[in-house]
Amino acid sequence: MDDLAPKRARRLDAGLRTILAAGFSVEGDYVLLARHAPTAPAPRHSIFGDDVGYEGAVNHVHVEREVTTLRGRWNPGAHAVAYALALATQLESSFPETAFDVWATGGAEETWIVRFHRASAEGGGSWLGSVEDIDDAALVAEVRP
Amino acid sequence: MTAPLRGGFSVDVENPSPGIRPATIHVHTYGDLKEAFPGAYYWDFETRSFPDMPDQLRRIVYAYPLLEDALAGAYTRLEERWQPWPTA
C-alpha cells in the first residue's frame, strides 16, 4: 500500500480550497457541498438507491478537474488526500453532532474522486462495501461525534 | 446581447460497488458551462433521461451529435444493452 500512497501536499490546491470555502448547505435531510446545492438533483432513489448514495453522488468532486495549480495537476493524489482530510475537519466543526464518512479513491488507473456522506446510525450504508472492493487506493476519514 | 458560453461536458459512468449501490451515468460540465451548471446531472435508467438537467444545458447536451454514442458506451461499460433512440 505504501507505493500507492501519494506524497503529501504542502498546501492544498487553490481550486479545492475554493470548494471548501463555499462551505455546506443543509437541504432538507441532506448535507451538501454549498457549491453543488443550487443545482443538486432531486433525491430520487431510482437513481441513487438510498440517502448515502444521494449524498455521496452530489458531494463528489473529480480532483483532476478542480485543481488549478501546477502542483495540483502534477500530484492530484496528494491533493485528493489533503482535500479529504480538510473536508473531514470542516465537517466535524460545522456539524459536531453528526457522523460522516469521507472517501478519497483513485490511483494509477483511475482518476481521484473525493466524496462524503453522513454515516448511518446503524453503521451500515457505506458508499463502498469495503475498501477491498476497489482496485487502486482508498482513504476513508470517519468523522464521529 | 448575451455572451456565448464556452465549455464542454463529459458523460461519466461510475459503478463503485456492483450489487451494493446502483451504477450512475452523469454529465459534468467544463469552462463557462461549469460556472453556470457546477454540479452533476444524473441519468435515470427508468425514464432514459436526465430529469434534473436545466433546459438550457439540455439543449446543449442533446445537440451534441455523439451523445447517443457516449450513452451507449456507458451502458456497455455497465454490461447493459442500450436501446437506440428512435430516429426522426
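Given the structure is predicted, the values throughout are model-derived calculations rather than measurements. Convention: sequence-line order gives letters A, B, ...; per-chain numbering from 1.
Atom CD1 in B:Ile25 sits 10.5 Å away from atom CD1 in A:Ile47 (nearest 0.5 Å). Between atom NE2 of residue A:His62 and atom NE2 of residue B:His28 there is a gap of 3.0 Å, rounded to the nearest 0.5 Å.
Within a 6.0 Å sphere centred on CZ of B:Arg81, other residues, nucleotides and ligands contribute 12 heavy atoms or fewer.
B:Val11 and B:Val61 fall within the same hydrophobic cluster, where Ile, Leu, Val, Met, Phe, Trp and Tyr residues are linked whenever their side-chain heavy atoms come under 4.5 Å apart, directly or through other members. In the hydrophobic cluster analysis, where Ile, Leu, Val, Met, Phe, Trp and Tyr join through side-chain heavy atoms closer than 4.5 angstrom, B:Leu57 is grouped together with B:Leu71. A:Tyr54 is not connected to A:Trp103 by any chain of hydrophobic side-chain contacts under 4.5 Å among Ile, Leu, Val, Met, Phe, Trp and Tyr, and they are in different clusters. Connection of B:Leu66 to B:Trp85 is established within a shared hydrophobic cluster, with ILVMFWY side chains joined at heavy-atom distances below 4.5 Å, either directly or through further cluster members. A:Leu12 and A:Val143 fall within the same hydrophobic cluster, defined by Ile, Leu, Val, Met, Phe, Trp and Tyr side-chain heavy atoms under 4.5 Å apart, directly or through other members.
Contacts between A:Arg44 and chain B at a heavy-atom distance below 4.5 Å involve the side chain alone, from C-beta outward. Of the two parts of A:Val58, only the backbone, made up of N, CA, C and O, holds a non-hydrogen atom closer than 4.5 Å to a non-hydrogen atom of chain B.
Of residues 91-102 of chain A, not one residue has a non-hydrogen atom less than 4.5 Å from any non-hydrogen atom of chain B. Within residues 15-40 of chain A, the residues that have a heavy atom under 4.5 Å from a heavy atom of chain B are A:Arg35, A:His36, A:Thr39, listed by number. Residues of residues 41-55 of chain B that come within less than 4.5 angstrom of chain A, heavy atom to heavy atom, are B:Tyr41, B:Tyr42, B:Trp43, B:Asp44, B:Glu46, B:Pro51, B:Asp52 in numerical order.
The nearest pair of heavy atoms linking B:Ala40 to A:Pro41 is O-CD, 4.2 Å. In this structure, A:His60 and B:His26 approach most closely via the heavy-atom pair NE2-NE2, 3.3 Å.
Residue pairs satisfying the side chain to side chain donor-acceptor pair (under 3.5 Å) criterion with at least one member in residues 59-72 of chain B, sequence neighbours excluded, are listed as follows: B:Glu68-B:Trp82.
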